[in-house]
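Encoded as structure tokens, the structure appears first; notes follow it.
The shown structure was predicted, so the numbers you read here are calculated from the model rather than taken from an experiment.
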Amino acid sequence: MPSIRVSFNPPRFRRGDLVEVASAQEGFVGSYFEATVVADLGKDGYLVQYRTLLRDDSSGPLREVIGAAEVRPRPPPDPAERYRAGDVVDAFDNEGWWWGRITGRSGDSYSVFFETTRDEIVYHKNALRTHHEWSEGRWCLAMLVPVA
């Protein structure tokens, strides 16, 4: 399973920066939600406004104070046109990006297995991207232990 990597010197983001927020809440581990930095709160982290998550009353975008270790830049553009079985990807579902592993392909659709939920779901290629980890100020491809 990918882990949320914490850099000892995480980058500082400024108001207006586009970021992703990693969730460590039960049921959401391994997910990333797109947001915009509203304010840098120093040692207390950031105030962010989510792109897809709404307030409980659905009156507008959710704003939340997030620790700096949970915020990362958006990943680089994904040049992948095709994925192979075993590739680690993020699938856009339930308002965020969730990591999983390609298990099959049919045309432009791919089956993705999610180790955290043990679910396998089919997605169109446009809902997928190569999974990257943010580590020590740079992007790297995720290296996972093969599924047994």
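A search for side-chain contact (heavy atoms from CB on, under 4.5 Å) contacts involving Ala127 returns Tyr123, not counting sequence neighbours. Residues satisfying the side-chain contact (heavy atoms from CB on, under 4.5 Å) criterion with Asp57, sequence neighbours excluded, are Arg55, Ser59. Judged as a side-chain hydrogen bond (donor to acceptor under 3.5 Å, both in side chains), and not counting sequence neighbours, Thr36 has no contacts. Partners of Trp98 under the side-chain hydrogen bond (donor to acceptor under 3.5 Å, both in side chains) rule, at least two apart in sequence or in another chain, do not exist in this structure. Scored by the side-chain hydrogen bond (donor to acceptor under 3.5 Å, both in side chains) test, Arg63 finds Gln49 as partners (sequence neighbours excluded). With sequence neighbours left out, the side-chain contact (heavy atoms from CB on, under 4.5 Å) criterion links Arg82 to Arg105, Tyr110. Under the side-chain hydrogen bond (donor to acceptor under 3.5 Å, both in side chains) criterion, Glu20 pairs with Arg72, Arg129, not counting sequence neighbours. Under the side-chain contact (heavy atoms from CB on, under 4.5 Å) criterion, Asp40 pairs with Arg12, Tyr46, not counting sequence neighbours. By the ring pair (Phe, Tyr, Trp, His ring centres under 6.0 Å) test, Phe33 pairs with no residue at all, sequence neighbours left out.
Judged purely by distance below 3.5 Å, without hydrogens or angles, the side chains of Glu34 and Trp97 pair a donor atom with an acceptor atom.
Other residues sharing a hydrophobic cluster with Leu47 under the 4.5 Å side-chain heavy-atom criterion for ILVMFWY residues are Val38, Leu41, Val65. Side-chain heavy-atom separations under 4.5 angstrom define the hydrophobic clusters, and Leu54 shares its cluster with no other residue.
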